[in-house]
Number of protein chains: 2
Amino acid sequence: MPVTLKDIAAKSGFSVTTVSRALAGYNDVSQNTRSQILAIADELGYQPNQVARQLQKQSTNTVGLIMPARQDFHDDFFSVLFKGIIYTAAQHNFDVLISTTQHGEAEMEAYRRFAGGNRVDGLIVARTYRDDPRIEYLKSIKHPFVVAGRSALGHGSDFAYIDYDSQTGIEQLVEHFVAYGHRNIGIILPDEALAFSEYRFAGYQGGLKKAGILFRESFVEYGDMTYAGGVRTAQTLLNRNPELTAIIGCNDLMALGAMAAVQNCGLQVGQDIAVGGFDGIPAAERATPPLTTVSQPIYELGEMLTDLLIQLIADSPTDTVQRLLQPELIVRASSGQPRR
Amino acid sequence: MPVTLKDIAAKSGFSVTTVSRALAGYNDVSQNTRSQILAIADELGYQPNQVARQLQKQSTNTVGLIMPARQDFHDDFFSVLFKGIIYTAAQHNFDVLISTTQHGEAEMEAYRRFAGGNRVDGLIVARTYRDDPRIEYLKSIKHPFVVAGRSALGHGSDFAYIDYDSQTGIEQLVEHFVAYGHRNIGIILPDEALAFSEYRFAGYQGGLKKAGILFRESFVEYGDMTYAGGVRTAQTLLNRNPELTAIIGCNDLMALGAMAAVQNCGLQVGQDIAVGGFDGIPAAERATPPLTTVSQPIYELGEMLTDLLIQLIADSPTDTVQRLLQPELIVRASSGQPRR
DNA sequence: GCTGGTATCCGAAACGTTTCGGATATATAC
DNA sequence: GTATATATCCGAAACGTTTCGGATACCAGC
């Protein structure tokens, strides 16, 4: 029994049309009737039905985000990205609709519900996979979207995206380690299925090559982006390669896990083994010792993505915006002192 | 130009009604026509318009959450609560609609839009204030909602809520410190306007009283729930009261800040000054030294709230569920050894 | 008195679904 | 043969808005 325009119309004696126009501020309704109508609306506590309005206007003032379920949950990436998104959306008077699914058919189903089902005006897609079906779908139905990240290395990316140049970032981290005298540098990569995994791997190889260091398969492991996964994977790496003097975790959480693994071995982070991460989350700075990392400001990424998406919704764009941002190497105690 | 029921009707030669019923699986449509219709729907890539469906069904399968903007942003509480909510909502095939606002009129506006505007079937309200206008509003329009937290001490709470008994939690923490030989225990409280601030204060006073320790106004400060705020406030507390040997931060973030402040003074956390927190966030466990804290599993709180809300939406309840959960004291190195 | 303009109002259609209450045709029962 | 049941379909109304295209009344200008 919420109050509708019809109720106000009945009580005021005017038509639904006039009530609607009075409330919307059109100037073809007299001052007198407008104030009557406003008074009644106020008295009845009228609240326009947003769903009806959306149906009529064919727009929702809502952006959508579909997050991976569970296993990535304690990854700070989405938390922070998400904060940037909802805060920026609110600035533009947009709400944010969220769902979580496992990767796979359920995920596509959610995208169809949000985009095809007209629940949102635009979508932000994050964590791209190689040949990502979500992107294909959104392109096919011409629904506005922006992507955090690109397609995998070598695949074309003909859509709006914003991404940090993690290849260069990791390369700089490797160079930093090399400059400190390290030559046996291990790396914990993200899941191979993730598009950005390749860029980081390429950065690792690029850094080694520049330094004239031979790439060794055995120094590479894949982790699951979690703290616990970092502990586990670093353990494996250290057991298999006692000669390692440095480890790169491809996100800060895994790097923090790696630090713990090093300490568990009775070794000193920064003395015996240098550790570096990627992301620049707050916990990295607060760790003991503080973590050297490649910082990609995620909150700001969320802001930029949202601004871009909303702009894209407002005026269908002429050219597709693609922005590649430079991350910043932040050296802290976890990489220790130059070794000679 | 998304495809609608009308398009399928036109192409198949059946009426919109029949198409609708075929797709919905009613049994008053023959196997033959059903399969024709399904085929065409599939071919055209039909995706039901959720907004139209919501309008007709007068329900949205969506729960709403309105988060405080900015200053609380780097508080992990909402991030984790939020994860619990969206994950559980997804289990029930509910989406989650989010907005952020500053506390105040804009916040009420958002509640009206979500609840009165029929955008969501139910709301989760968190961070209650004393005599919270949001709760009054939702009660007045009889919109389903559940609350994380209660009204302020002494005010009646005639609505569905789930809360941790933080009074008992803080009391236990005080008792723990007392048992370790501390008598000069400072506390950093949350903003007074927050309903739970009073419970924690009461717990502090209760703990002191049990131990026969006189309450001293000067040992109390109010913080803003952030890490930086914790550093600042602990600093103030320590400068003013050099006799302090223990500090309680009323959330982990402020407690971690307090640890940093202690260390900045050249003092040892756990040796010179004991520190305890409240929440049990992951960072507390990983801190150096690990933080003694009163753990209130927030993710689980989000799960329970969402389950309760959805149940409340499904069958209007007979009695209002109110659950008071016991938090758990977790002793770690930040509280050091017994002093004698 | 007629014309044109302006101010104010409103009916009806539309957005895309779902559903109520039939309508039609065919089969079954007697 | 009629009466009843069943299977299959559909028109129209409804959900609550917004908006297009008038309609009406009144005024000024000639």
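Values below: every heavy atom of this structure, side chains too, minus hydrogens, waters and symmetry copies. A, B, ... follow the sequence lines: proteins, then strands. Residue 1 opens every chain.
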S.K.: What integer distance in Å separates A/Q31:CD from C/dC9:P?
M.R.: 11 Å
S.K.: Are any side-chain N or O atoms of B/T18 and backbone N or O atoms of B/F14, one a donor and one an acceptor, separated by less than 3.5 Å?
M.R.: no
S.K.: Quick check on contacts: within residues 34-59 of chain B, what sits under 4.0 Å from DNA chain D by heavy-atom distance?
M.R.: B/L55, B/Q56, B/Q58
S.K.: May I have the distance from B/K6 (atom NZ) to D/dG11 (atom C1'), rounded to whole angstrom?
M.R.: 14 Å
S.K.: Please report the distance, rounded to the nearest Å, between CG in A/N32 and P in D/dA25.
M.R.: 19 Å
S.K.: Using atom CG of B/L23 as one end and atom C1' of C/dT17 as the other, report the distance to the nearest whole Å.
M.R.: 11 Å
S.K.: When you measure from the side chain of B/Q56 to the backbone of B/V51, do you find a donor-acceptor pair of N or O atoms at a distance under 3.5 Å?
M.R.: no
S.K.: Between the base of D/dT19 and the side chain of A/T17, is there a donor-acceptor distance below 3.5 Å?
M.R.: yes
S.K.: Rounded to whole angstrom units, what separation is found between the CG atom of A/D28 and the P atom of C/dG5?
M.R.: 19 Å
S.K.: Between A/S30 and C/dA7, does any side-chain N or O lie under 4.0 Å from OP1 or OP2?
M.R.: no
S.K.: Main chain of A/T60, side chain of A/T62: is a donor-acceptor contact present, judged purely on distance under 3.5 Å?
M.R.: yes
S.K.: Strictly by modelled atom types, are A/D121 and A/H143 linked by a side-chain donor-acceptor pair under 3.5 Å?
M.R.: no
S.K.: From CG of B/N118 over to C1' of D/dG16, roughly how many Å is that when rounded to an integer?
M.R.: 10 Å
S.K.: If you assign each of B/S15 and A/R21 to its closest nucleotide in DNA chain D, which residue comes earlier from the 5' end?
M.R.: B/S15
S.K.: Within the side chain of A/N49, is there an N or O that forms a donor-acceptor pair under 3.5 Å with the backbone of A/A52?
M.R.: yes
S.K.: Could you work out which one of C/dC10, D/dT17, C/dG16 sits closest to the side chain of B/T4?
M.R.: C/dG16
S.K.: Whether A/Y26 contacts D/dT19 is assessed here as follows: a side-chain N or O lying under 4.0 Å from the phosphate OP1 or OP2. Is that the case?
M.R.: yes
S.K.: Compute both the distance and the angle, then confirm whether B/R134 meets the cation-pi test with B/F145: under 6.0 Å from the six-membered ring centre, within 45 degrees of the axis.
M.R.: no
S.K.: OP1 or OP2 of D/dT8 sitting under 4.0 Å from any side-chain N/O of B/T33?
M.R.: no
S.K.: Atom CG of B/N61 to atom P of C/dT18: distance rounded to whole Å?
M.R.: 13 Å
S.K.: On the six-membered ring of B/Y26, is B/R34 placed so that its NZ or CZ lies under 6.0 angstrom from the centre and within 45° of the ring axis?
M.R.: no
S.K.: Rounded to whole Å, please give me the gap between CZ in A/R119 and C1' in C/dG16.
M.R.: 15 Å
